[in-house]
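Here is the structure we will look at.
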Protein chains: 2
Amino acid sequence: MALRHAVLAALLAGDSSDGDDSGEYSGYQLAKAFDIGVANFWHALPQQLYAELAKLEKEGLVAGRHVVQETRPNKRMFRVTRAGLAEFEAFAAAAPKASFIRDDLMVKVQAADSVDTGPVIEQLEEQAALAEAKIELFGKVLRKMRGELDEEEFLRRGDRIGPYLTCLRGLAHERENRDWGLRVAAVLRERRTDEAR
Amino acid sequence: MALRHAVLAALLAGDSSDGDDSGEYSGYQLAKAFDIGVANFWHALPQQLYAELAKLEKEGLVAGRHVVQETRPNKRMFRVTRAGLAEFEAFAAAAPKASFIRDDLMVKVQAADSVDTGPVIEQLEEQAALAEAKIELFGKVLRKMRGELDEEEFLRRGDRIGPYLTCLRGLAHERENRDWGLRVAAVLRERRTDEAR
DNA sequence: TCATCATAGTCAAGAAACTGAGTAATCAGA
DNA sequence: TCTGATTACTCAGTTTCTTGACTATGATGA
């Protein structure tokens, strides 16, 4: 029972970029949100989200309302109930579980001394390129979130700083991803050419 | 089937700090290794490791040998077989799965605008302190791994650079952890005092 | 006009991971 | 001498996650 809190957090922090009432998402929108912002600290597939929303609704932690649409399939919009907020408060006050990571590329690098590093080098460089793209994306997202304020000002007086702060972390993480990837690729490359002599 | 590769990587990169033959670990030692080095990119509990070793042995990817001890309970030492290495090579050459993260604290920060930030601030500061301790630890581990060489030299000519490189990443990650944690704690603290006025 | 993308979901099987407990011996310190 | 830590591992039950479908409709672009 941990995904539930990520879902509640996503709903609570729900953006209002569409002009909709904030804090309300359909399952589909939630899946989108998980793809961009929430992915910085939680990974989940759409099917899981739909399932989790159903569970949360049954327990009264979120409330769904049907929205009939003409040009699009109908949908259900979910918001956090008072009980849901209470549940989240309790979670926020409790000791956090240790964060955890799973990273295929690092597994490969760990064994770099025992395997052919050729493909790994390529993957590292691809990863670095992807990270670079994300860095730019995050830059834009952050600029949009803070509007015309500069970062200091925004963090002091802006509203909705939660997603901003987690996005900052995502940005830092991607920078690290890129830098480490390039560094390791360079090191492994040099050792390959040395080896070949 | 993903833990298996982390286990193989750990065995392949197995340290020889005990003077033992390298690339050989007992389940218990493996669990230790997962606690320190491997934890930088893969999280797993001892029970999972024992189970995975059993599976890997049944499939012939690792081979175990009994070691009778007098002062301690007997144990089984595992090493990667040729088939295991082939399996790992295939994994290393295949496209990596997207890395994934789960972080309770970031979930809490995401919803910072909707909940009481008091406990979260404390947790952030605790986390920063823990990160600081890990930073120092990693510093020592790295120094030990590279011996009397400096980093450049070691990465060019040292053997067993795999664990070193992943440890570098762990170090960078912990620094980021610490810096972000302190920054966010400071921001949230200031907003609380402002709010109280 | 045809294909593909985006919206908006649902379902079920199987793999993987987590929880929590238990066993048993030795050693170090109060 | 008793406690707690360390070594070494096992088992069962449950939850969670992943995989790979499948259903619809409207919009977009070639």
Side-chain angles (χ1 to χ4, degrees), chain A residues 1-7 18 20 24-36 38-39 42-59 62 64-78 95-102 104 107, chain B residues 1-8 18 20 24-36 38-39 41-59 62 64-78 91 94-102 104 107:
Chain A
M1 305 278 198
L3 173 58
R4 63 196 311 105
H5 298 122
V7 169
D18 300 331
D20 287 322
E24 223 183 7
Y25 272 138
S26 68
Y28 190 80
Q29 287 174 305
L30 191 60
K32 293 279 159 195
F34 263 71
D35 252 20
I36 19 169
V38 181
W42 208 273
H43 156 90
L45 299 166
Q47 295 98 311
Q48 283 175 267
L49 300 177
Y50 285 114
E52 197 63 43
L53 281 172
K55 261 200 248 168
L56 287 168
E57 193 183 20
K58 208 164 58 186
E59 294 174 41
V62 306
R65 102 192 136 82
H66 279 279
V67 175
V68 177
Q69 295 185 119
E70 275 154 35
T71 75
R72 293 281 170 197
N74 296 341
K75 63 182 175 181
R76 305 198 62 208
M77 299 292 286
F78 294 92
K97 280 199 224 161
S99 76
F100 89 61
I101 308 183
R102 272 175 198 180
D104 268 17
V107 172
Chain B
M1 305 280 196
L3 173 58
R4 64 194 311 105
H5 299 123
V7 168
L8 291 173
D18 300 332
D20 287 322
E24 223 183 9
Y25 272 138
S26 69
Y28 190 80
Q29 286 174 304
L30 192 60
K32 292 278 161 198
F34 263 71
D35 252 20
I36 19 169
V38 181
F41 54 87
W42 209 273
H43 156 89
L45 299 167
Q47 297 96 309
Q48 285 175 262
L49 300 177
Y50 285 112
E52 198 62 43
L53 282 172
K55 264 199 248 171
L56 287 168
E57 193 182 22
K58 208 165 57 186
E59 293 173 41
V62 306
R65 102 191 136 83
H66 279 279
V67 175
V68 177
Q69 297 186 119
E70 274 157 35
T71 76
R72 292 284 170 197
N74 297 341
K75 62 182 174 181
R76 305 198 60 209
M77 299 293 285
F78 294 93
F91 161 71
K97 279 200 224 162
S99 75
F100 94 52
I101 307 182
R102 269 172 201 186
D104 268 17
V107 172

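Excluded from the calculations below are hydrogen atoms, water molecules and symmetry mates; all remaining heavy atoms, backbone and side chain alike, are included. Predicted model, so just to flag it, every value in this text is computed and none were measured. Each chain gets a letter, A, B and so on, in the order its sequence line appears, and its residues count up from 1.
Along DNA chain C, the nucleotide closest to A:Gln69 and the one closest to A:Gln47 are compared, and the more 5′ of them pairs with A:Gln69. Sequence order on DNA chain C of the closest nucleotides to A:Pro46 and A:Arg72 puts A:Arg72 first from the 5' end.
A:Gln29 places a side-chain N or O within donor-acceptor distance of the main-chain N or O of A:Ser26, the cut-off being under 3.5 Å. Judged purely by atom type and a 3.5 angstrom limit, B:Glu57 has no side-chain atom pairing as donor or acceptor with the backbone of B:Ala54. Judged by distance alone, with hydrogens and angles left aside, the side-chain atoms of B:Tyr50 form no donor-acceptor pair with the main-chain N or O of B:Ala31 at under 3.5 Å. Judged purely by atom type and a 3.5 angstrom limit, A:Arg76 has no side-chain atom pairing as donor or acceptor with the backbone of A:Gly27.
Here D:dT18 is the nucleotide among D:dC9, D:dT18, C:dC18 with the atom lying nearest to any side-chain atom of B:Phe100. Among the nucleotides C:dG9, D:dT18, C:dA17, the one closest to any side-chain atom of A:Leu45 is D:dT18. Listed nucleotides D:dC17, D:dA8, C:dT26 differ in distance to B:Thr71; the shortest reach to its side chain belongs to C:dT26. Closest to the side chain of B:Pro73, out of C:dG9, D:dT7, D:dC9, is D:dT7.
Residue B:Glu52 contributes atom CD, which lies 11 Å from atom C1' of C:dA17 at whole-angstrom precision. Rounded to whole Å, the distance from OH on A:Tyr50 to P on D:dG20 is 20 Å. Between the C1' atom of D:dT23 and the CG atom of A:Asn74 lies a distance of 14 Å, rounded to the nearest Å. The separation between B:Tyr28 atom OH and C:dA25 atom P is 17 Å, rounded to whole Å. The CG-P distance, from A:Leu49 to C:dC11, rounds to 16 Å in whole Å. Rounding to whole angstrom units, CD of residue B:Gln48 and C1' of D:dT16 are separated by 12 Å. Protein atom CH2 of B:Trp42 is 11 Å distant from nucleotide atom C1' of C:dA17, rounded to whole Å. Rounding to whole angstrom units, CD of residue B:Glu70 and P of C:dA24 are separated by 21 Å.
Side-chain N/O atoms of B:Ser26 include one lying less than 4.0 angstrom from OP1 or OP2 on D:dC9. Residue B:Lys32 places no side-chain N or O under 4.0 Å from the OP1 or OP2 atom of D:dA8. Note on B:His43: a side-chain N or O is less than 4.0 Å away from OP1 or OP2 of C:dC18.
Below 30°, between 30° and 60°, or above 60°: for B:Phe100 and A:Phe100 the angle between ring planes is between 30° and 60°, a tilted geometry.
Within 4.0 Å (heavy atoms only), B:Arg102 reaches sugar-phosphate atoms of the nucleic acid but no base atom.
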